[in-house]
Structure formats: structure tokens, C-alpha cells
Number of protein chains: 2
Amino acid sequence: MDMTEDFNLIMEDFLPLRDVVFNTLRRAILTGTLKPGERLMEVHLANKLGVSRTPIREAIRKLELEGLVVMVPRKGAEVAKISEKSLKDVLEVRRALDELIAKLACSRITREQLSELREAADEFEKATKTEDTSTIARADIAFHDIIMEATGNLRLKQLVNNLAEQMYRYRFVYLKDESKHSMLVKEHSRIYDAIKNNDTEAAMEAARIHIDNQEKAIIAHIRMERAGEDKDSI
Amino acid sequence: MDMTEDFNLIMEDFLPLRDVVFNTLRRAILTGTLKPGERLMEVHLANKLGVSRTPIREAIRKLELEGLVVMVPRKGAEVAKISEKSLKDVLEVRRALDELIAKLACSRITREQLSELREAADEFEKATKTEDTSTIARADIAFHDIIMEATGNLRLKQLVNNLAEQMYRYRFVYLKDESKHSMLVKEHSRIYDAIKNNDTEAAMEAARIHIDNQEKAIIAHIRMERAGEDKDSI
DNA sequence: TAATTGCACATTGTATACAAAAACGGAGTA
DNA sequence: TACTCCGTTTTTGTATACAATGTGCAATTA
């Protein structure tokens, strides 16, 4: 192999190698270091990461079930391609789940969580002033994590995390556009207000709008990206 | 080991052994042959199924990500315990997804699918007359599969399948009770009518009621089961 | 008797070896 | 040139070997 990919083992001490490899490969896929359609060859990865084939294979089994890689029989694993259709599918589900999250949060949020949420919303507004996209992204995640936590539903959390990963590489898209920042701040405020007032309908509506806007930005971005690239896979 | 579990390799020809093992173990867990908390010891399973440890381990990695087994570090895998809380979490999510399915099916179902759905509803009614629970279960699954297919959302299908598995062993509970059969038939009819008339609100409502009734039956069953058993795990 | 140490064994974690199938390439032929 | 056949190589699929860690039991000691 001529190319030297720029990823290395993510050392999380005392985790089994398979999990270390799993996290490493997952991050590489989600950040785009491993590109859609790229083959994952076991010996190659094993040499690159300095482990044997066994942990590599076990990590690939998990990535397979997570949908990040697809297996071609007797050929091995390759990074899953993300079509516009599959992204729309994901967003369709996320919309429903985000509405559920908003609804549950309304009835279950505690006083402390509510004040944390207020702070997180303020933090987000402050972050949009810094113009640093990754700071903004962190603040956005923090805000939504609090709402997620308030639902008290672990399974829901797990599912949404998994779905969120599928669109990870597009997260920055809708945060980079400064003209949208004030709108995002307003949307967060609406969500906060609705939850505070225990107004289920308003909370769900606000969550829906929030996702809709993300969807528009992401789809637009993908179309652009596709126009500039080669063919049918994004 | 003194006990002889009654499961054998499910032979699906030309699938890699790891997938055969995966299906075998999954079915064993879902049907209760492998009980919650039971340890999955690699050599034991390997001998029992007549393969080496490698496919066993790879199958376990997938079951792990699916949530059917949990790993205890340096101790190995054991069948996940299902608490009432986690089941409620699952059902809460399923309710939202089933409403989404109903909504999408309303707007996207084709003429053929609609007539298939009519037939499936009739088949279900017929099945309830046979008194054979597994026949009824099959008919129920067939009915819901058609609606699922009509949504055209693969990701949604995948998620719901996974969630459904978590409650698989309780599926029979709400189908065994004959007194509920006429109600189930009515519920299916309501769902069919709503979808046929493209009445989104009614379809979602009907789906919600359908799940609510399942939830009640399952929770009641679990409480009974728990009362008759030992301790805190179901 | 109760506690503790140490050893043997059981079990997982990781690496390697072997088998089989598919991909590749080159020689030969029309 | 285009095409096919055949062997070589690469790569996955499966099995086994080795390492490391935990667990239980017995023997020893206070």
C-alpha cells in the first residue's frame, strides 16, 4: 500500500484491543479519514495499528452491525456509502425521536436540569459570537444532551446517538453558516421556553423545526458536494 | 457442564459461520433457551456447535452491539437481563416509531400494498380462529411488515426490527389471551381503514392504541412472572 | 476454627497458522 | 488485437496455539 492514512490507535487504557480498534476505525470513518467505498483490509489495518487480525475482525463485526461498514461476501468489509436517500431516512427517524425527546423532557425534567438548560442555551448564544465552529458545535451538543438526559430513557439515548453518528460529518455544515446563528439561538430559546412551561405541543413543534432546518442545510450541502465530485456516492 | 441446552446450529447454507452462529445464539436468547444472566462460555459453545472459538467470538461481538449480551471485562459475555424499566424504555420508543410508520405509510402506500394489507388483516382474523398462537403471531408480523415496507424507510425498518427483538419473548403474551383477539382484529381494521383513507391522525392514533395495549399485557405478564420467580431480574 | 497464601485450573484476550476462494496477470492462440 | 486458460498471489474464513488474568480450593498458620 502506497498511501499512509493519518489515523493511529486511540489509546484508551485497559480497554480490550478490539474496543480500541473499534473506536479508532469508527472515528476514522465518521471524520472521513476512511472514505465511503474504501476497503478495509485486515492485514493492512493490523500492520498499521500494530495488532493482530483478531481484534481488527471483531471491531469490524461491530461496525458492521452499526451500519458503518458493509460486508461483501468473500471480499471483506468496506466503508458504507451514504446516499441522499439513506440520509433522508435517518433524518425522518430523527425527527420523530427528537419530538419524542422534547415531549418526554417536558414532563420529566427536574429543576436543576431546567436551570442547566438555561445556562446551556446562554452558553450557546455566547459561542455563536466566538465564530469558532467547533466551540459552537460543543455548545450545541451540550444543550441537546441535557434535554436527552431529562427524558430518563437510556434506550432512546443510545438510538439517537447512533443515528447522530451517521450524520456526524455534516454537523458542522449548519453551524458554519453565520447567517443562521441568530435563528439557531432563537430555536433553542423556543425549545427552552416550551419545556419550562411544560407545553408539550410547542416543544415538539420547536424540535421539529430545529431538525427541519438542519435537514435543509445538510441536503443542500450534499448536493453541492456531489456536484463537485465524481459520481453517485457521497 | 451438566445441562444440555436444546439448541443447535441453524443451517443457512453458504453464510459465514459467524453469521450462522449469530443467528443461532440470537434465537436461543430471544426464545429464552439461553436465559438472562447466563454466561456464554466460548469453548463450551464452540464444542456444542461444532465450530472453533473464532466464529463464536465474532457472533458475540454483534450480539453485544445489539444489546442482547453484555460483556464483563475479563469474564466474558452473559445474556443481558431485561428490567421492567428497560422494557418501558423500549416501548416508549416503539410507540413513537410506530406512529411514524403509520404516518409515512398513509402517504406512501401503493395500491398493491394496500390490497396486500387488506388480505393480511383478513388472514389475521382467520388465524385468531385457529387458536394456534404461533400462526397468529406470524399473521400479526405479516400485517405489520406490509405497513413497514410501505414507509420505504430502510433505516426505520432496521431500528424497529432491533427494538422488536428486545420484546420478542413477550410477543406471544398478548396473543395467547383469546379474550383480546377480537379487539386485536378491530385494531388492525382501524389501522387499515385509516391508511386506506389517508387519514394520518387516525392512523397514528390507532398505532398508538395498538402499542399501548401490548404494553399493558406485557408489563402485567412480567409482574406476574417476577412474582413467581426469584429476585430482581426478569 | 478462621484467615491467608499459593498453586492449579478455567477462561478470556491476542497472535499466528492453515485452508479455500476470489482477483490478477501473463502466456498462448485465433 | 482480443480472448481464454492457467497458475500465482492476495485476501478472507476458520482453527489452533500461546499469554495473561482471574477464581476456587487446599494447605498452612495464627
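In the text below, chain A, chain B and the rest are named by the order of the sequence lines, each starting its count at 1.
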B:Arg74: what forms a side-chain contact (heavy atoms from CB on, under 4.5 Å) with it, not counting sequence neighbours? none
Whole angstrom value for the distance that separates P of D:dT12 from NE2 of A:His44: 11 Å
Between A:Lys85 and B:Asn153 the two heavy atoms that sit nearest each other are NZ-CA, 4.3 Å
Quick one: A:Glu64 CD to D:dG13 C1', roughly how many Å, whole number? 13 Å
For A:Leu40, which contact category applies under a 4.0 Å heavy-atom criterion: base, sugar-phosphate, or nothing? sugar-phosphate
Looking at residues at least two apart in the chain, or sitting in another chain, which of them share a salt bridge (Lys or Arg N to Asp or Glu O under 4.0 Å) with B:Glu119? none
Take the C1' atoms of the five end pairs on each side of the helix from C:dT1-D:dA30 to C:dA30-D:dT1, derive the two axes, and give their angle rounded to 10 degrees. 10°
Whole angstrom is fine here: how far is it from CE in B:Met41 over to P in C:dC9? 18 Å
Can you name the residues that form a side chain to side chain donor-acceptor pair (under 3.5 Å) with A:Gln158, not counting sequence neighbours? none
State which residues pass salt bridge (Lys or Arg N to Asp or Glu O under 4.0 Å) with A:Arg155; sequence neighbours excluded, sorted by chain then number. none
Test ring pair (Phe, Tyr, Trp, His ring centres under 6.0 Å) applied to A:Phe22 - qualifying residues, sequence neighbours left out: none
Output the rounded distance in Å from CD1 (B:Ile56) to P (D:dG13). 16 Å
Can you tell me how far P of C:dG13 sits from CZ of A:Phe22, to the nearest Å? 16 Å
Within this structure, what is the CE-to-P distance between A:Met71 and D:dT11, rounded to whole angstrom? 15 Å
To the nearest Å, how far apart are B:Leu45 CG and C:dT11 P? 11 Å
Please report the shortest heavy-atom distance between A:Arg39 and A:Lys75, naming the atom on each side. NH2-O, 3.0 Å
Please encode protein proximity along nucleotides 15-24 of chain C as a string of B, S and -, counting only heavy-atom distances under 4.0 Å. BBB---SSS-
From CD of B:Glu78 across to P of C:dT12 the rounded distance in Å is 11 Å
With B:Ala96, which residues qualify under side-chain contact (heavy atoms from CB on, under 4.5 Å), at least two apart? A:Leu100
side-chain contact (heavy atoms from CB on, under 4.5 Å) against A:Ala77, all qualifying residues, sequence neighbours excluded: A:Leu40, A:Ile60, A:Val69, A:Met71
How is A:Arg18 classified with respect to the nucleic acid when contacts are heavy atoms under 4.0 Å: base, sugar-phosphate, or nothing? sugar-phosphate
